[in-house]
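Computed over heavy atoms, backbone and side chain alike; hydrogens, waters and symmetry mates excluded. Numbering starts at 1 and runs along the sequence shown. Each ligand, and each atom within it, is numbered from 1 in the order the structure gives.
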Amino acid sequence: MEITRRDFIKTSLAASLATAIPGNLGLHAGGTDAIRIGMIGCGGRATGAALDCLDAAAGVEVVAMFDLFRDRLESSLAELKGKHPGRVTVTADRCFTGFDGYKAVCALPEVNLIVTATPPGFRPVHFKAAVEAGKHVFMEKPVAVDPVGVRSIIATSDLAREKGLAVVAGTQRRHQSRYLEMMRRIHDGAIGELVGGECYWNQGDLWVVRKTPEMSDMEWQCRNWLYFTWLSGDHIVEQHVHNIDVINWAFGTPPVKAMGMGGRQVRTGLEYGNIYDHFAVEFEYPNGARVLSMCRQTPGCADRVEERLVGTRGSAFGYGEIKGAVPWKFEGGETNPYVQEQADLIASIRRGEPLNEGRRIAESTLCAIMGRMSAYTGRAISWDWAMNSSKLDLTPPRYELGDLPVEPVAVPGVTPLV
Ligand SMILES: NC(=O)c1ccc[n+]([C@@H]2O[C@H](COP(=O)([O-])OP(=O)(O)OC[C@H]3O[C@@H](n4cnc5c(N)ncnc54)[C@H](O)[C@@H]3O)[C@@H](O)[C@H]2O)c1
């Protein structure tokens with residue numbers, strides 16, 4: 001007999017709760033030692049992040065997994081078990097699929113850290129469920145695809161702080177020695193007052209999942225999520241948020257305005273959904289400084305993934321160099337930043353001083369969204385309006401593996417600003 005996803009979740013949840021270890025296993029930060037991970041999303045990055053957690057510290061186990069699709073869950077489980085047989089204790093009754101499976105993972109008392117790396121359109125809902133259930137969270141960037149989602153992330157981050165829960169976002173540059181050292185110098189005045197800068201994520205193409213006759217619209221979009229704005233936020237949000245976050249870090253504040261342009265010139269086939277393939281955005285900071293942001297996913301063109309900050313006394317480069325009055329070059333000696341961010345998260349939980357990166361990644365996500373909104377509509381966007389007044393909410397009418405027509409590609413000057 002075919003077991004439906006919903007039945008599977010119900011039965012497995014009941015079974016898990018029946019065998020749950022009693023007592024508070026560190027749902028709150030203070031003094032927690034054992035880290036028991038529940039995964040929300042089991043794709044490439046979630047699997048990588050779980051492995052990074054296992055590499056980051058002793059006393060860490062993966063105990064539960066959830067993915068929309070069983071095949072993704074199974075391949076992730078096989079990889080995790082292959083690499084860490086003794087530390088991956090996921091049993092069949094702690095595996096969940098379907099849209100609602102996150103609720104079952106969050107309900108498991110033995111899970112105290114949620115690692116989530118689904119397409120970012122789902123992040124606000126998954127993050128809220130995790131924090132409401134009292135779990136620490138590692139969540140991948142970006143953390144939303146629209147201003148409504150960003151506000152939800154900020155509210156949930158505030159709730160996490162009240163509950164003493166840790167929140168670390170996958171902006172690994174924030175845990176990388178060359179960036180930490182460079183920022184310390186910038187904030188100490190090594191390049192003077194910031195007057196401008198540039199940031200880039202220009203690269204070739206990424207993977208594509210083509211629709212097969214058996215796939216519903218929703219299944220295809222969720223598998224090919226990079227190319228649908230409601231799922232990825234477009235590549236300015238999905239990838240370039242890393243570089244925009246570095247610029248915000250340097251300025252110590254998000255920008256006040258974004259004005260951008262972009263389009264879809266090369267990736268025009270149906271398989272590329274409704275996102276653009278290039279953007280250029282100018283961000284204006286509160287002191288009047290303007291920063292150019294550029295991102296492109298087009299094969300056969302010049303690649304550049306980098307940040308440069310210009311000050312009154314010199315320039316700083318994200319790869320670890322300062323030129324000008326107080327020159328400096330990063331000398332090396334850096335740990336893997338993907339492992340370091342997990343080490344920092346786990347150490348903060350164990351110290352009882354939980355990190356909370358929720359607001360700042362929400363703010364950087366909103367900057368990238370502002371750039372996209374400006375390019376899509378042709379309008380200049382102010383921070384205050386985007387943060388406080390925009391009603392844009394890209395959530396589809398229902399989460400069901402059925403029909404879901406693809407929204408049209410945005411046209412500047414025509415697409416309305418919402
Ligand atoms: N920090 C970094 O450097 C970095 C690198 C790569 C990816 N990422 C981020 O990680 C996230 C995931 O990217 P990825 O490369 O792992 O993609 P992926 O396609 O490999 O994984 C996404 C997974 O989510 C699953 N999924 C889709 N909808 C779901 C839902 N509603 N509920 C549960 N699972 C669902 C998919 O089946 C898939 O297994 C993205 O936000 C991406 O931007 C960050």
>> Run the salt bridge (Lys or Arg N to Asp or Glu O under 4.0 Å) test against R184 and tell me which residues pass, sequence neighbours left out.
In response: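 With sequence neighbours excluded, R184 shows a salt bridge (Lys or Arg N to Asp or Glu O under 4.0 Å) to E181, D188, given in chain and number order.
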> Are side-chain N/O atoms of D245 and H242 paired as donor and acceptor at under 3.5 Å?
Replying inline: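 No.
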>> Is it true that Y272 and D277 share a donor-acceptor pair across their side chains at a distance under 3.5 Å?
In response: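 Side chains of D277 and Y272: no pair found under 3.5 Å.
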>> As an exercise, state the distance from CG of D205 to OG1 of T298, rounded to the nearest 0.5 Å.
In response: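 Here the interatomic distance stands at 7.5 Å.
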>> If the condition is ring pair (Phe, Tyr, Trp, His ring centres under 6.0 Å), which residues does Y102 pass it with, not counting sequence neighbours?
In response: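 H126.
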>> So if I only count non-hydrogen atoms and take anything under 4.0 Å from ligand 1, which residues does that give, chain by chain?
In response: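 Residues near ligand 1: G41, C42, G43, G44, R45, F66, D67, L68, F69, R72, F99, A117, T118, P119, P120, F122, R123, H126, E140, K141, P142, G170, Q172, W207, W225, E238, H242, Y338.
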Donor-acceptor pairs under 3.5 angstrom involving side-chain atoms of residues 400-411: please list them, not counting sequence neighbours.
none

